[in-house]
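The structure appears right after this line, and notes come after that.
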Amino acid sequence: MCQDLRNSEESIKGGFGRMSTMDTSNLTIETLRQMFEQGKRFDGRSLKDYRPITVEHNVSNKAEGSTRVRIGKTEVLAGVKLQVGAPYPDSKDKGNLMVSGDLLPLASPRFESGPPGFNAIELPRLVDRAIRESGMIDFKKLVITGEKVWTVIIDVFPINDDGNLIDAATIAASVALKDATFPGLDKDNNVDYHIKTQNKLPLSKETFPVSISFYKLGSSLFLDPTREEEEAAEARITFGISLWNGQNMINSCQKRGAKPLSRAEVESMMPILLEKQIYLNEKLKKFL
Amino acid sequence: MALKREDGRKASDLRPMQAKVGVVPNADGSAIFTFGDTIAIAAVYGPKQLHPQHMQDPSTGILRCNYDLLSFSVSDRKKPGPSRRSQELSKMTQWALEPALDLEGFPNTVIDVEVQIIQADAGTRTAGINAAALALAHAGVPMRNLVCAVAIGKLDKDIVVDLDKSEEDFEGGEGPTDFPVAKLANTDQYTLLQLDGKIQPERVKEVLSFADESCAKIYEIQKKALKEALGE
Amino acid sequence: MIAKVTEAHEAPEISSESEESIVKKRRVVVPGEIIVSGEDYLPSEGTRREGMNILASRFGLAEESGRVVKVIPVTGTFIPRKNNVVIGRVTNITFNGWVVDIDSASSGFLPIDESPRFINKNEMDQFLAIGEVVAAKIWSINTRGIDLTLKSKGLGKLEGGFTFRIIPNRVPRVIGREGSMIMLIKEKTGCDITVGQNGWIWIKGQNLDDQIRARKAIEFVAEKFHVEGLTDKMEEWFEKN
């Protein structure tokens with residue numbers, strides 16, 4: 001498994017790998033705006049193309065499920081831990097989900113230690129909503145007894161931020177959920193992490209939530225930005241989308257940034273959203 | 001040795017080690033280092049401007065280390081954010097590495113070393129220090145030498161190197177002793193010395209001999225990782 | 001004003017192909033490693049003497065040139081030196097100059113007196129506004145910080161095009177021996193290119209495709225910095241790209 005972890009496609013000789021703390025210059029933003037208008041990107045992709053995506057499983061064996069997702073040079077780890085706890089008083093017949101994580105200073109010169117800023121709060125919240133609202137998890141089946149339910153905790157940690165962390169983190173979280181198996185319980189229904197079971201979480205077979213984030217610069221919309229492109233963007237909108245009862249459903253959405261999106265822009269996203277949802281599910285199939 | 005190690009290792013056998021640099025492209029230097037199932041990743045940023053200004057030292061650059069466990073790297077989930085343990089080990093990591101560095105050429109600056117444990121199976125601080133030393137070298141920071149670290153253990157009366165988690169939980173006789181050590185490579189200078197357990201003072205020199213032998217092996221792994229990064 | 005800086009090349013260059021006959025082959029060294037033994041050798045940059053031995057004091061490529069031994073750095077942040085040309089971004093305007101982020105541990109300061117012509121103190125932001133990009137030269141490094149000047153050929157505000165960053169220690173390779181590599185890239189792409197010693201590079205061309213190609217070419221060099229015969233490889237690259 002360690003071998004997998006180190007089979008990085010990343011160029012360790014990369015002459016342009018390190019990201020600077022110098023802000024993107026106005027010149028670069030203007031050039032990117034012109035490039036996007038003509039459908040061009042520095043790495044040769046079209047505006048709606050994703051970079052290559054890879055998924056590795058069981059990257060941390062103390063987690064009940066864990067994955068590493070790379071989109072281009074962006075890398076995110078997700079781990080699932082299962083705990084036994086009390087149900088919420090207003091939903092005694094359901095287990096719980098919690099998504100957390102942090103923007104570790106390890107992953108970018110822009111991430112600072114200390115109390116989480118807005119970006120560090122937003123990332124796990126967006127992952128949480130994409131998964132929670134999709135119906136992927138059958139929360140009723142997470143009840144152990146009347147007083148004890150399973151709490152599913154997903155932690156997401158970027159290891160290298162080269163843009164589009166949210167889409168990467170949602171994929172990582174969804175795969176980690178698919179991979180996770182319950183730990184054993186002792187006679188008092190307390191977790192014994194030394195006992196591993198083969199029992200998977202109660203998940204819908206068809207539902208695999210992903211996030212798809214559109215970014216806007218000038219009048220152009222683009223997907224899967226590199227860090228440079230992301231920093232040039234004036235607005236972003238993230239959709240959580242998944243298959244439910246045979247239909248693709250938007251499960252969550254959040255616009256970010258002070259720049260508005262026009263009705264025409266929002267409407268133009270819908271067919272792309274469907275196309276990319278199918279594309280991502282198809283691409284990720286081989287990893288599931 | 002009276003005791004048989006569960007995984008069949010001899011007393012002086014380290015677990016399989018792996019090292020690679022350049023694993024965090026955003027960083028000025030980065031590395032991953034593993035002892036068996038323990039995986040540490042380190043990234044170095046700097047020398048860079050130190051804020052707040054009153055912390056700056058006009059005579060030298062400053063090293064700042066942060067060690068922590070990813071929440072899911074241990075059986076009982078660790079809450080994200082610094083704990084007392086991680087704060088202590090951050091400082092230990094800093095002191096283990098500092099003597100290797102030559103930062104006089106970088107007054108008023110700071111070098112940040114970020115260590116995260118991805119998977120924990122004992123020996124996380126020493127794996128972290130090995131990764132951090134590699135990341136610092138990879139970042140081109142002036143260094144007198146690399147730093148190599150290993151946890152030497154004592155199980156009942158037997159001294160063994162590089163305990164895994166099951167050995168750390170050993171019971172019986174004189175019990176388990178954990179004695180993490182770091183040293184400047186190719187010298188007799190120790191930069192980390194910690195101990196928990198029970199050991200006779202006269203046996204410490206045995207521990208240090210085991211540490212020296214282990215560090216020599218770790219050094220070779222580190223050297224190879226750096227050379228491979230430039231295609232050698 | 002468009003800067004055409006080809007003189008931005010004062011950093012010690014990685015000696016290139018033609019010198020290799022007199023220079024022993026470079027090899028990768030790690031900090032603390034013995035490079036050579038013998039009292040005759042002279043420790044130069046990135047090395048130190050301990051007894052009979054010359055040791056590496058940083059990671060990089062060790063090179064013996066006659067008796068002189070040095071380690072050429074290949075990674076790391078930008079270490080400012082006097083007379084370096086750098087590309088920076090204006091982050092603030094004070095009563096007597098501009099604060100310029102040059103992506104190093106301390107920011108640069110461009111005093112109003114170091115602008116190429118007289119600037120009225122009330123009109124400083126008309127000459128250089130916050131967020132704008134300049135090519136400037138370091139003329140002094142002191143405890144207060146780094147002082148910059150625009151009083152030299154090819155320096156000044158950069159207009160049009162874009163900027164991007166490579167690892168600063170790869171800059172000598174991008175420039176090449178006596179500017180040969182950067183000349184080749186300029187010639188093949190028709191772009192104006194300014195290479196800052198801080199790793200920031202400015203490109204401006206006739207059209208977007210030329211600019212994109214120039215960036216790719218420079219990133220190719222920065223990535224293949226340790227390959228021998230890089231100029232030939234670059235020629236080949238241009239045939240394919």
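In the text below, chain A, chain B and the rest are named by the order of the sequence lines, each starting its count at 1. Source: prediction; values computed, not measured.
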Would you say that more than 12 heavy atoms from the other residues, nucleotides or ligands in this model lie under 6.0 Å from the NZ of A/K196, or not? yes
Tell me yes or no: between the side chains of A/D162 and B/N26, is some donor less than 3.5 Å from an acceptor? no
A/R125, CZ: over 12 other non-hydrogen atoms inside 6.0 angstrom: no
Ranked by heavy-atom pairs below 4.5 Å to chain A, first place among B/S71, B/G29, B/P82 goes to B/S71
Applying a criterion of heavy atom separation less than 4.5 Å, what residues of residues 96-104 of chain A form contacts with chain B? A/M98, A/S100, A/L104
Where the side chain of A/K62 meets the backbone of B/A120, is there a donor-acceptor pair that is under 3.5 Å apart? yes
Within 6.0 Å of CD in A/E112, more than 12 heavy atoms from elsewhere: no
Given the options B/P16, B/A42, B/P80, B/S73, which has more heavy-atom pairs under 4.5 Å with chain A than any of the others? B/S73
Which atoms form the tightest heavy-atom contact between A/V59 and B/I39, and what is the distance? O-CD1, 4.2 Å
Hey, what do you get for CZ (B/F72) to CG (A/L77), rounding to the nearest 0.5 Å? 5.0 Å
Under the rule for salt bridge (charged side-chain N to carboxylate O under 4.0 Å, His left out), what residues qualify as partners of B/D57, not counting sequence neighbours? none
Has the side chain of B/Q119 got a donor or acceptor atom that lies under 3.5 Å from a matching backbone atom of A/N61? yes
Checking B/Y45 side chain against A/S108 main chain: does a donor-acceptor pair fall under 3.5 Å? yes
Can you list the residues that meet the salt bridge (charged side-chain N to carboxylate O under 4.0 Å, His left out) rule with B/E168, with sequence neighbours excluded? none
Are the side chains of A/Y193 and B/D76 in touch, meaning some heavy atoms are under 4.5 Å apart? yes
Among B/G81, B/S30, B/A43, single out the residue with the greatest number of heavy-atom pairs under 4.5 Å to chain A. B/A43
Looking at A/E147, I'd like to know if its CD atom is crowded, meaning that more than 12 non-hydrogen atoms belonging to other residues, nucleotides or ligands lie closer than 6.0 Å. no
Minimum heavy-atom distance A/K81-B/V74, with the two atoms named: NZ-O, 3.5 Å
What residues of residues 171-182 of chain A make heavy-atom contacts with chain B at a cutoff under 4.5 angstrom? none
Does the side chain of B/R77 reach to within under 4.5 Å of the side chain of A/D155, using non-hydrogen atoms? yes
Working to the nearest 0.5 Å, report the span between OG of A/S113 and CG of B/D68. 11.0 Å
Looking at B/P25, is its backbone amide N or carbonyl O close enough to the side chain of A/K73 to form a donor-acceptor pair, meaning the two atoms are under 3.5 Å apart? no
Please flag which part of B/D121 lies under 4.5 Å from any non-hydrogen atom of chain A: side chain, backbone, both or neither. both
Would you compute the distance between atom CG of B/L70 and atom CG of A/L106 and round it to the nearest 0.5 angstrom? 8.5 Å
Please classify the contact of A/E64 with chain B as side chain, backbone, both or neither, using a heavy-atom distance under 4.5 Å. neither
Over 12 foreign heavy atoms within 6.0 Å of NZ, A/K94: no
